[in-house]
Visitor: 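Take a look at this one; I'll ask things after.
We number each residue from 1, following the sequence as shown.
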Amino acid sequence: MSYQDHIAQTSALIKSQHGSWDGISAESVARMRLQNRFQTGLDIARYTAKIMRADMAAYDANPAEYTQSLGCWHGFIGQQKMISIKKHFGSTKRRYLYLSGWMVAALRSDFGPLPDQSMHEKTSVPALIEELYTFLRQADARELGLMFRDLDKARETGNEVEAQRLLNAIDNYETHVVPIIADIDAGFGNAEATYLLAKKMIEAGACALQIENQVSDEKQCGHQDGKVTVPHEDFLAKVRACRYAFLELGVEDGIIVTRTDSLGAGLTKQIAVSKEPGDLGDQYNSFLDCEEIDPSTARNGDVILNRDGKLLRPKRLPSNLFQFRAGSGEDRCVLDCITSLQNGADLLWIETEKPHIEQIAGMVDRIRAVIPNAKLVYNNSPSFNWTLNFRQQVFDAWAAEGKDVSAYDRTKLMSVDYDGTPLGDEADEWIRTFQKDAAARAGIFHHLITLPTYHTAALSTDNLAKEYFGDQGMLGYVKGVQRKEIREGIACVKHQNMSGSDIGDDHKEYFAGEAALKAGGAHNTMNQFAA
């Protein structure tokens, strides 16, 4: 509905009240409605799910149409990210938000900083989704509010051309509300617990849930040791729980991202149930590290498998965990992915130990031999040492090509001594094009960085603290922060406006007319930033 349609509809409603609502401005109501386009989190989930589905179809047609996101640990961080994207690129198209369970654990738990082991309160995840969308909706209200003020000025000065331009801009306004891919970890319990949490996350606005195949009670960060996976049927029950949650809430386009940690997980907590040779449980168990035994040598408490007429004893650790065969990780990843896509998943996530396109592509090629349109979400993780990894990849590629690499020490390639060298420069170019190249070669539809804003907050705070508490004093803030904000057009330099002061003034005027006591008068110091 257009701006003018909102005004006309509200005018008719006001007139129908026979004078008792004459103090209400139809245009003010229209403005408030447009500034609050999304009434509930489910409205957001349905809207953003359609965006993701359209983007997935576009990627299938052209891998250059991949999507990206950054992990955000606070609503303000997510808001500023999307404001920045609109400022620099003019559109939020194909840019999402990522909600990292790691950052929720480290930054948003009532227990204080926690490791990424699903120890944080499960309610903190939907709470952050709701917070992120609250800030994104506020960004809409702020930007539209500025457009409404400009429209009033154009009308006051009789500039009909500018007024019409603004009306067109209002009617074609692009929201800051974008899809969030939200981390549900390993489901925080059994399938029922997963279903209940999934509902809360969807009701808060999440259109995409990312769930992993680790045990929920001993879940580990994807880049730490000690990961333990569960049999496929256990995991698929949680995938179905997520789908049921989407369908119950009417988000029929909801997206499920299934993550396999099998590449780095050498352990399982339980042996899968198998009813006949070759079934899914039997395939899972076939990766167990076993030794053939004679029945007479069986020990008390042994778990015994019968395979092809042989009795096998899986290797069991003192922790009561069972061990997979070394080198079976890639085969298990491929089976995990194919099985997930055949049982309701929409996108895949393969957690790797390094960012290596051909390693990822090798697995994707095998998956696509069975499911041709398989697509990945990939973690461009800060847990990787990107500089070292890519310098070593270039070193190895050059050595294989017969190039002279005698000027480089492969074990010390992180050294600043290699900055600006031909090898260092080529490695940086490989990093720069990694997302584009991996989208084309390795089926990666969505590239994300899980916890970048954790690191940017630490780095910027360190820089300010070093200057402000040192010899630079106040100049450390002015030169390092405020002057850059002004000159680079950072909207929150007017922090009162960003926090909603002008929106509040508009509302005061709607409610009280000329009697409104507004904050944005001539003596507001934010006027110093008007130029």
Visitor: In terms of heavy-atom contacts, does CD of E160 have more than 12 from other residues, nucleotides or ligands at under 6.0 Å?
Guide: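 No.
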
Visitor: Mind running salt bridge (Lys or Arg N to Asp or Glu O under 4.0 Å) on D140 and R142 for me, showing each step along the way?
Guide: CA-CA 5 Å; D140 282 358; R142 171 190 166 272; over 6 Å; no

Visitor: Would you confirm whether the ring centroid of Y133 sits within less than 6.0 angstrom of the ring centroid of F38?
Guide: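 No - the distance between ring centres of F38 and Y133 does not fall below the 6.0 Å cut-off.
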
Visitor: Any salt bridge between D152 and R31, counting N to O under 4.0 Å?
Guide: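 So D152 pairs with R31 through a salt bridge.
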
Visitor: Hey, is OH on Y468 packed in by over 12 heavy atoms from elsewhere, all under 6.0 Å?
Guide: no

Visitor: Considering only NZ, NE, NH1 and NH2 on the basic side and carboxylate oxygens on the acidic side, decide whether E131 and R108 come within less than 4.0 Å.
Guide: yes

Visitor: Got a sec: does the NZ of K122 have more than 12 other heavy atoms crowding it under 6.0 Å?
Guide: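 Result for NZ/K122: enclosed.
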
Visitor: Could you check K436, R94, K93, K375 and say which one makes a salt bridge (charged side-chain N to carboxylate O under 4.0 Å, His left out) with E65?
Guide: R94

Visitor: Do Y96 and H447 make the cut of ring centroids closer than 6.0 angstrom?
Guide: no

Visitor: Within a strict 4.5 Å, meaning less than it, do heavy atoms of the M201 and E130 side chains meet?
Guide: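 The answer is no, as the side chains (C-beta and beyond) never meet within the 4.5 Å cut-off.
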
Visitor: Between Q9 and R33, do the side chains contain a donor N or O and an acceptor N or O under 3.5 Å apart?
Guide: yes

Visitor: Has S460 got a side-chain atom pairing as donor or acceptor with T456's backbone, closer than 3.5 angstrom?
Guide: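 Answer holds: yes.
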
Visitor: Is F246 close to L209 at the side-chain level, that is, under 4.5 Å between some pair of heavy atoms?
Guide: yes

Visitor: D55 and Y66: side-chain donor and acceptor closer than 3.5 Å?
Guide: no

Visitor: I'd like to know if the side chain of S91 and the backbone of K86 have a donor-acceptor N/O pair within less than 3.5 Å.
Guide: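 It does not hold such a pair.
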
Visitor: Assess whether atom NZ of K153 is packed by more than 12 heavy atoms of other residues, nucleotides or ligands within 6.0 Å.
Guide: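 Counting neighbours around NZ of K153, 12 or fewer heavy atoms of other residues, nucleotides or ligands fall under 6.0 Å, so no.
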
Visitor: Examine distances only and state if a side-chain atom of D462 and a backbone atom of A458 form a donor-acceptor pair shorter than 3.5 Å.
Guide: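 Flag not set: sc D462 to bb A458 has no pair under 3.5 Å.
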
Visitor: Is any side-chain heavy atom of I211 closer than 4.5 Å to one of R259?
Guide: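 No, every pair of side-chain atoms sits at 4.5 Å or beyond.
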
Visitor: Looking at W73 and T453, would you say the former's side chain and the latter's main chain have a donor-acceptor pair under 3.5 Å?
Guide: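 Indeed, once roles are kept as given, a pair shorter than 3.5 Å links the two residues.
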
Visitor: Is it true that atom CD of Q138 has more than 12 heavy atoms of other residues, nucleotides or ligands lying nearer than 6.0 Å?
Guide: yes

Visitor: For Y510, I'd like to know if atom OH has over 12 heavy atoms of other residues, nucleotides or ligands within 6.0 Å.
Guide: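 Enclosed.
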
Visitor: To the nearest 0.5 Å, what is the distance between SG (C337) and CD1 (I371)?
Guide: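 One gets 9.0 Å once the value is rounded to the nearest 0.5 Å.
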
Visitor: For the side chain of D234 and the backbone of V230, is there at least one donor-acceptor N/O pair under 3.5 Å apart?
Guide: no

Visitor: As a quick check of understanding, evaluate side-chain contact (heavy atoms from CB on, under 4.5 Å) for Q80 and M498, giving each step before the final call.
Guide: CA-CA 10 Å; Q80 293 304 302; M498 185 58 66; 3.5 Å; yes

Visitor: Checking the side chain of R53 only, and the main-chain atoms of G254 only, is there a donor and an acceptor separated by less than 3.5 Å?
Guide: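 Side chain of R53 to backbone of G254, a donor-acceptor pair under 3.5 Å: yes, one is there.
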
Visitor: With side chains defined as the heavy atoms from C-beta onward, is the minimum distance between L448 and Q68 less than 4.5 Å?
Guide: no

Visitor: Regarding R149 and D506, does a basic nitrogen lie under 4.0 Å from an acidic carboxylate oxygen?
Guide: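 Looking at R149 and D506, the cut-off is met.
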
Visitor: Decide if the gap between the ring center of F135 and the ring center of H74 is smaller than 6.0 angstrom.
Guide: yes

Visitor: Whether the side chain of T92 engages the backbone of R95 through a donor-acceptor N/O pair (distance < 3.5 Å, no angle test) should be reported.
Guide: no

Visitor: Check this for me: does any side-chain nitrogen of one of R243 and D346 sit under 4.0 Å from a carboxylate oxygen of the other?
Guide: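 The answer is yes: the pair qualifies as a salt bridge.
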
Visitor: Please tell me whether Y3 and F148 form a close aromatic pair, meaning their ring centres lie under 6.0 Å apart.
Guide: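 Under 6.0 Å, so yes.
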
Visitor: Treating Q472 as the side-chain partner and E467 as the backbone partner, does any N or O pair qualify as donor plus acceptor under 3.5 Å?
Guide: no

Visitor: Are E203 and R46 close enough, and set up right, to give a salt bridge (Lys or Arg N to Asp or Glu O under 4.0 Å), and what steps lead you there?
Guide: CA-CA 10 Å; E203 286 169 342; R46 295 185 187 107; over 6 Å; no

Visitor: Can a donor-acceptor pair be found, under 3.5 Å and without considering hydrogens, that links the side chain of S124 to the backbone of E121?
Guide: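 Yes.
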
Visitor: Does the side chain of E351 come under 3.5 Å of the side chain of T260 through a donor N or O and an acceptor N or O?
Guide: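 No - no donor-acceptor pair under 3.5 Å links their side chains.
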
Visitor: Just by modelled atom types, is the N36 backbone N or O under 3.5 Å from a matching donor or acceptor in the Q39 side chain?
Guide: yes

Visitor: Do L341 and L347 have side-chain heavy atoms sitting under 4.5 Å apart?
Guide: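 Answer no - side chains too far apart.
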
Visitor: For Y454, I'd like to know if atom OH has over 12 heavy atoms of other residues, nucleotides or ligands within 6.0 Å.
Guide: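 Not buried by this count: 12 neighbours or fewer within 6.0 Å.
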
Visitor: Before you tell me yes or no, could you show the steps for H446 and Y98 under ring-ring contact (aromatic ring centres under 6.0 Å, His included), namely the whole-Å CA-CA distance, both residues' side-chain angles and the distance that decides it to 0.1 Å?
Guide: CA-CA 11 Å; H446 185 77; Y98 179 67; 7.9 Å; no

Visitor: Using side-chain heavy atoms (C-beta onward) and a distance below 4.5 Å, is D253 in contact with I255?
Guide: no

Visitor: To the closest 0.5 Å, what do you measure between OG (S25) and CD1 (I7)?
Guide: 8.0 Å

